[in-house]
There are 2 protein chains.
Amino acid sequence: MPSSVDRICEQLKAQGRRLTPQRRAIIQALFDHDSHPTAEQIFTYVRQDMPDMSHATVYNTLHELVEMDVLRELDLGLGERHYDFNADNHAHLICLGCGRVEDVPYNKEATTLPSKHTHGFHIVDCNVIFRGYCPDCASKED
Amino acid sequence: MPSSVDRICEQLKAQGRRLTPQRRAIIQALFDHDSHPTAEQIFTYVRQDMPDMSHATVYNTLHELVEMDVLRELDLGLGERHYDFNADNHAHLICLGCGRVEDVPYNKEATTLPSKHTHGFHIVDCNVIFRGYCPDCASKED
DNA sequence: ATCCCTGCAAAGCCTTTGCAATGCA
DNA sequence: TGCATTGCAAAGGCTTTGCAGGGAT
C-alpha cells in the first residue's frame with residue numbers, strides 16, 4: 001500500500017501538476033510533524049536535507065495543497081498560519097501562554113446558524129477556537 | 001447622561017491613565033464605525049481631524065482599551081485585527097469574497113468542551129467564525 | 001523542447017519599537 | 001514639574017512577488 005505521501009504525490013500529477021523533489025519533501029515534512037506546523041517550521045525542517053529550499057517554494061506548495069483540498073490552512077490569531085492534514089470534525093484549543101495548539105473532537109455539523117441570522121450568506125465552513133491556559137502555563141500564572 | 005465615549009474616558013482616568021485628545025478621538029472613532037473596524041480604518045478616520053495622528057498612538061490606545069476590557073480584539077484570519085465593542089454573546093460571519101464581517105447571535109455558553117477533551121486546559125474564551133459568501137459575492141461566483 | 005517550477009532577493013503589509021519632544025495631571 | 005504619551009521613522013515578522021535559470025514531463 002502506498003504511503004499517504006505517495007498518494008498525495010499521485011494526486012498532484014493526476015491534476016497536471018509537476019512532482020518535484022521539493023514538493024515531495026514538503027509533503028513528507030507535513031506528515032513528519034505531528035501537529036499544526038507553520039510554514040516556517042516546514043521550511044526549517046526541509047532545509048536540513050535541502051539547504052537551498054526557498055520560502056517561495058514552501059509557500060507555493062502549501063497553497064497548492066490547500067487548493068487541492070488535501071491540506072487545511074488555519075489562522076489561529078497567533079501571527080502565522082498553521083497547516084493541518086486532519087480533516088476530521090474538530091476544533092482547536094490554543095494556549096494563551098505558550099501558543100501550543102491541540103485538536104479537540106468537536107461536531108461542527110451541530111454548529112449551525114438559524115437561517116434568519118445568516119444575512120443571506122452561503123456558509124461553507126465554520127471554525128471553533130477555544131483559548132485558555134495549558135496545565136504548564138496555568139501553574140505559572142499564579 | 002454622559003455618552004458612552006465619555007464613560008470610557010472617565011474609566012481611563014479612573015485607572016490613572018491620561019486622557020489625551022488623541023485617545024478621545026480614537027474612542028469616538030470606534031463608536032462612529034458601526035462594525036469591526038481595523039486599526040488602519042481608525043487611523044485613517046481620525047487623521048481627517050488630526051493629521052498628525054501616528055500609528056503608534058492608534059495601536060497603543062487600542063491595546064490599552066483591550067487591556068481595560070472595554071474593547072475586544074478579533075483576529076478573523078484576514079491578515080489584520082478587527083476591534084469590537086460589542087461584548088454580547090455573538091459569533092462572526094465572514095465573506096470569503098469581499099471580507100465583510102457580520103455579527104450573528106450565538107450562544108457561546110452552550111459551546112463547551114467535555115472535560116475529558118480539554119487536555120487539562122483552563123479555558124477562558126471561545127471563538128466561533130463562520131465563513132461563506134455574502135449575497136453579492138455569491139451571485140458573482142456563478 | 002516546453003513551460004512549470006525553483007531560488008534568490010526584494011518588496012509588501014500590518015504591527016511594534018526607540019527616542020526625543022510634548023503636554024496632561 | 002514630572003512622567004506618561006505622542007509623533008516620527010525605522011525595524012520586525014510573516015508572506016508575497018518578479019525574474020532568470022533549471023528541471024519535470
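In what follows, chains are A, B, ... by sequence order, proteins preceding strands, each numbered from 1. We use all heavy atoms of the structure for the numbers below, so side chains are in, but hydrogens, waters and symmetry mates are not.
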Participant: Between A/Arg24 (CZ) and D/dG23 (P), how many Å, whole number?
Facilitator: 18 Å

Participant: For B/Glu102 and B/His36, run side chain to side chain donor-acceptor pair (under 3.5 Å): C-alpha distance rounded to whole Å, both residues' side-chain angles, the deciding distance at 0.1 Å, then the answer.
Facilitator: CA-CA 9 Å; B/Glu102 303 281 355; B/His36 319 102; over 6 Å; no

Participant: Picking from D/dG2, D/dT15, C/dG7, which would you name as closest to the side chain of B/Arg18?
Facilitator: D/dG2

Participant: Mind calculating the distance between NZ (A/Lys13) and C1' (D/dT25) to the nearest angstrom?
Facilitator: 9 Å

Participant: In whole Å, I'd like the distance from the CD atom of B/Glu80 to the P atom of C/dC13.
Facilitator: 11 Å

Participant: Does the side chain of B/Arg23 get closer than 4.0 angstrom to OP1 or OP2 of D/dT6 through an N or O atom?
Facilitator: yes

Participant: Rounded off to whole Å, could you give me the CG-to-P distance for the A/Leu62 and C/dC5 pair?
Facilitator: 15 Å

Participant: Passes side chain to side chain contact (heavy atoms under 4.5 Å, CB included), B/Ile27 versus B/Cys9? Steps please.
Facilitator: CA-CA 8 Å; B/Ile27 294 166; B/Cys9 290; 4.2 Å; yes

Participant: Indicate whether OP1 or OP2 belonging to D/dT16 is found under 4.0 Å from a side-chain N or O atom of A/Arg81.
Facilitator: yes

Participant: When you get a sec, tell me which of C/dG7, C/dT16, D/dG7 is the closest nucleotide to the side chain of B/His63?
Facilitator: C/dT16

Participant: Return no unless some side-chain N or O of B/Thr20 is found under 4.0 Å from OP1 or OP2 of D/dA4.
Facilitator: no

Participant: D/dC8 C1' sits how many Å from B/Tyr59 OH, rounded?
Facilitator: 16 Å

Participant: Testing the 3.5 Å rule here: is there a donor-acceptor pair between the side chains of B/Glu64 and B/Asn60?
Facilitator: no

Participant: Between A/Gly16 and B/Thr38, which has a closest nucleotide on DNA chain C that is more 5'?
Facilitator: A/Gly16

Participant: Is the phosphate of D/dT6 approached by B/Ser54 (side-chain N or O, under 4.0 Å from OP1 or OP2)?
Facilitator: no

Participant: Find the distance B/Met53:CE to C/dG23:P and express it as a whole number of Å.
Facilitator: 14 Å

Participant: Taking atom P of D/dT16 as reference, at what distance in whole Å does atom CD of A/Glu64 sit?
Facilitator: 14 Å

Participant: Does the side chain of A/Leu78 come within less than 4.5 Å of A/Val101's, by heavy atoms?
Facilitator: yes

Participant: The side chain of B/Pro21 lies closest to which of these nucleotides: C/dC24, C/dC8, D/dG7?
Facilitator: C/dC24

Participant: Which listed nucleotide (D/dT16, C/dG7, D/dC8) is nearest to the side chain of A/Gln22?
Facilitator: C/dG7

Participant: For B/Pro51, which contact category applies under a 4.0 Å heavy-atom criterion: base, sugar-phosphate, or nothing?
Facilitator: nothing

Participant: May I have the distance from B/His55 (atom NE2) to C/dT16 (atom P), rounded to whole angstrom?
Facilitator: 12 Å

Participant: Could you give me the CA-CA distance, side-chain angles and deciding distance for A/Phe130 and A/His92, then say whether side chain to side chain contact (heavy atoms under 4.5 Å, CB included) is met?
Facilitator: CA-CA 6 Å; A/Phe130 294 92; A/His92 293 102; over 6 Å; no

